[in-house]
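Note that these values count all heavy atoms, side chains included, but never hydrogens, waters or copies made by symmetry. Here the structure is a predicted model, which is why all the values come from computation and not from measurement.
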Number of protein chains: 2
Amino acid sequence: MERTGSNAVGFRPLYRQVYDTLLRRLADAVWQPGQILPSEGVLAAELGVSQGTVRKALDALTADSLLVRRQGRGTFVAEHDDKQSVFRFFKLRPDGAVAGTPTSRVVSATEAAATLDERDRLALLRNARVVRMERVRALDGRPCLVETIAVPATLFPGLAAMELPNTLYSLYATRFGITIATAHERLKAIALPADKAELLGRPAGTPVLEVDRVAVDLEDRPVEWRLSTCLTEDIHYASVLR
Amino acid sequence: MERTGSNAVGFRPLYRQVYDTLLRRLADAVWQPGQILPSEGVLAAELGVSQGTVRKALDALTADSLLVRRQGRGTFVAEHDDKQSVFRFFKLRPDGAVAGTPTSRVVSATEAAATLDERDRLALLRNARVVRMERVRALDGRPCLVETIAVPATLFPGLAAMELPNTLYSLYATRFGITIATAHERLKAIALPADKAELLGRPAGTPVLEVDRVAVDLEDRPVEWRLSTCLTEDIHYASVLR
DNA sequence: GAGTGGTCTAGACCACAGA
DNA sequence: CTGTGGTCTAGACCACTCA
């Protein structure tokens with residue numbers, strides 16, 4: 001690692017450089033999810049910085065939930081397909097009590113030319129192609145939402161022909177080396193459109209929650225656009241503000 | 001500060017004890033919002049711990065957005081009435097561009113016996129009283145939501161008779177020493193009720209977003225229940241998932 | 001220049017997991 | 001018992017602010 005010295009501009013802390021170096025390895029899938037990282041001391045020696053500096057970078061990566069640290073055992077690449085982690089990006093909860101695991105039924109999955117909206121949300125060029133998926137999700141056995149998902153075909157070759165698991169994001173990570181870091185959602189209340197009424201088993205015109213989500217990867221590239229239409233009669237969308 | 005030694009159970013890091021000590025002073029309004037805290041060195045000497053330990057506690061309080069640290073100047077109690085901080089708990093944004101500041105028009109403010117719902121949300125006893133406020137908020141001059149706000153009357157004596165500012169939470173902090181730490185929101189899509197249709201200037205039955213918020217203070221006590229009914233035709237609720 | 005927070009280091013010891 | 005991360009300390013130097 002290089003010290004920046006007293007440059008007039010562009011000062012960059014050492015631990016930040018370490019953070020970026022490790023983030024790059026995570027983005028390049030040098031270390032796979034679930035895998036253990038070298039210990040603090042080993043990383044410090046390799047990068048030529050003190051253990052405390054490595055620790056600060058590791059703590060920051062842990063705060064961004066990219067790593068998991070376990071005292072006495074080691075530092076691991078975070079896995080986001082655990083039962084509790086399904087709910088990191090799934091914010092619908094039954095009104096009454098705790099939620100069971102959501103299930104999915106895929107309606108269609110095809111590759112096609114990107115629409116204008118898709119190109120806009122995913123920052124794609126003209127003539128770009130996407131893999132477009134439609135599915136219905138259920139909570140506690142009752143259908144709760146229908147969603148259309150679009151991803152750039154170049155980033156996910158062959159996805160349309162695959163068996164799609166319940167948690168898409170772990171598939172993105174394990175099969176395509178793409179980690180979803182954050183997602184930006186825009187929520188609106190709309191009247192349930194006729195074409196989706198049948199899939200959800202509710203009359204058209206019912207007030208429903210429309211969730212427009214763009215998910216970005218570790219390098220802040222938009223990699224998925226998802227438009228969900230959610231029933232909220234016995235369910236709500238939970239949000240915590242800090 | 002006391003070292004815990006090697007107790008079999010109940011180990012509590014020193015910096016956590018420092019965190020709690022400082023949090024208590026903030027909760028007791030020993031230091032007012034905007035006020036500067038003693039420097040790291042002074043606090044370390046006072047509490048009998050190292051500067052690094054104090055720093056870790058201060059960093060944690062900063063991460064919880066209770067403090068603001070400015071290099072070269074000092075550490076300050078966070079103020080949440082700045083222009084950008086209005087939006088910490090206000091998640092509605094115009095679809096097109098950047099948001100102007102929201103404005104408020106108070107419809108009513110009275111003290112009354114708490115309803116069952118209010119007692120439930122605010123963890124109040126029977127016969128408890130609340131201050132209940134109703135107001136309409138506008139964004140860029142157009143009405144966007146109507147909301148009913150209830151707070152325990154014992155915590156906010158005289159609130160019903162006050163001039164209510166646009167940002168209630170800064171009033172809570174400065175006049176009543178109550179700091180809102182987090183808020184839990186439950187979102188649903190519903191049909192606009194007739195009694196609120198007039199206030200918002202839209203026909204009854206229009207799909208609207210209902211936001212049910214319970215805000216808690218530094219000690220995790222529920223101190224405000226707010227039920228907002230929001231138009232989302234040209235506006236959306238923005239949420240970031242990490 | 002004095003004082004503040006920010007970074008970086010080196011080393012000690014503690015808590016925890018697993019062989 | 002060994003190795004891991006977690007805590008705590010002390011001190012050096014850097015970057016920033018303001019008088």
Side-chain angles (χ1 to χ4, degrees), chain A residues 1-22 26 31 34-79, chain B residues 1-22 26 31 34-79:
Chain A
M1 289 290 136
E2 280 202 25
R3 273 71 175 170
T4 47
S6 42
N7 296 337
V9 75
F11 170 73
R12 198 160 182 72
L14 244 193
Y15 77 89
R16 241 297 168 186
Q17 300 175 46
V18 174
Y19 178 99
D20 291 341
T21 301
L22 299 180
L26 290 170
W31 297 308
Q35 197 177 333
I36 190 170
L37 266 63
S39 74
E40 295 180 350
V42 172
L43 284 173
E46 184 208 333
L47 300 172
V49 301
S50 81
Q51 189 173 338
T53 300
V54 168
R55 158 159 289 144
K56 196 157 181 181
L58 291 174
D59 284 345
L61 287 162
T62 301
D64 294 346
S65 61
L66 300 173
L67 297 179
V68 174
R69 314 196 71 190
R70 280 193 262 262
Q71 186 173 163
R73 296 185 54 195
T75 303
F76 303 81
V77 182
E79 294 181 284
Chain B
M1 288 291 137
E2 280 203 24
R3 272 70 175 171
T4 46
S6 42
N7 297 336
V9 73
F11 169 73
R12 198 159 182 74
L14 244 194
Y15 76 89
R16 242 296 168 187
Q17 300 176 46
V18 175
Y19 178 101
D20 291 341
T21 300
L22 299 179
L26 290 170
W31 298 309
Q35 196 176 334
I36 191 170
L37 265 63
S39 74
E40 294 180 350
V42 172
L43 284 172
E46 183 208 334
L47 300 172
V49 301
S50 81
Q51 188 172 339
T53 299
V54 168
R55 157 159 290 143
K56 197 159 180 180
L58 291 173
D59 284 344
L61 286 162
T62 302
D64 295 344
S65 61
L66 299 174
L67 297 179
V68 174
R69 315 194 71 190
R70 281 194 262 261
Q71 186 174 165
R73 296 185 54 194
T75 302
F76 303 81
V77 182
E79 294 182 285

Short side-chain N/O contact from T53(A) to OP1 or OP2 of dT9(C), under 4.0 Å: yes
Give a yes or no on whether the backbone of V54(B) and the side-chain of E40(B) come within a donor-acceptor separation of less than 3.5 Å. no
With nearest nucleotides of DNA chain C determined for G72(A) and V54(A) from heavy-atom distances, which residue corresponds to the more 5′ nucleotide? V54(A)
Within the structure, does a side-chain N or O atom of R73(A) lie under 4.0 Å from either OP1 or OP2 of dG18(C)? yes
Let me know the distance between CG of L67(B) and C1' of dT4(C), rounded to the nearest Å. 15 Å
Tell me: CG of L14(A) to P of dA15(D), nearest whole Å? 12 Å
Between atom CD1 in I36(B) and atom P in dC18(D), what is the gap in whole Å? 11 Å
Taking the side chain as every heavy atom from C-beta outward, state whether P38(A) and W31(A) have any atom pair closer than 4.5 Å. yes
Heavy atoms only: give me the nearest G74(B)-I36(B) pair and the separation to one decimal. CA-CD1, 4.2 Å
Between dA12(D) (P) and Q51(B) (CD): distance, integer Å: 13 Å
F76(B) atom CZ is separated from dT4(C) atom P, nearest whole Å, by 11 Å
Residue list, side chain to side chain contact (heavy atoms under 4.5 Å, CB included) with Q71(A), at least two apart or on another chain: none
side-chain contact (heavy atoms from CB on, under 4.5 Å) for Y19(B) and D64(B)? Distances and angles first, verdict last. CA-CA 11 Å; Y19(B) 178 101; D64(B) 295 344; 2.4 Å; yes
Between dT9(D), dT7(D), dT4(D), which nucleotide has the shortest distance from any of its atoms to the side chain of Y15(B)? dT7(D)
Nucleotide dT9(C), atom P - distance to CD of E40(A) in whole Å: 13 Å
Pick the nucleotide of DNA chain C nearest each of Q71(A) and K56(A); which residue has the one closer to the 5' end? K56(A)
Round to the nearest Å and state the distance from D59(B) atom CG to dT7(D) atom P. 13 Å
Confirm from the modelled atom types if R55(A) and dG6(D) form a donor-acceptor pair under 3.5 Å, side chain to base only. yes
Does T75(A) make a side-chain N or O approach to OP1 or OP2 of dT4(D) shorter than 4.0 Å? no
Length of the CG-C1' vector between L37(B) and dT4(C), whole Å: 13 Å
Taking OP1 and OP2 of dG6(C), is either one under 4.0 Å from a side-chain nitrogen or oxygen of R69(B)? yes
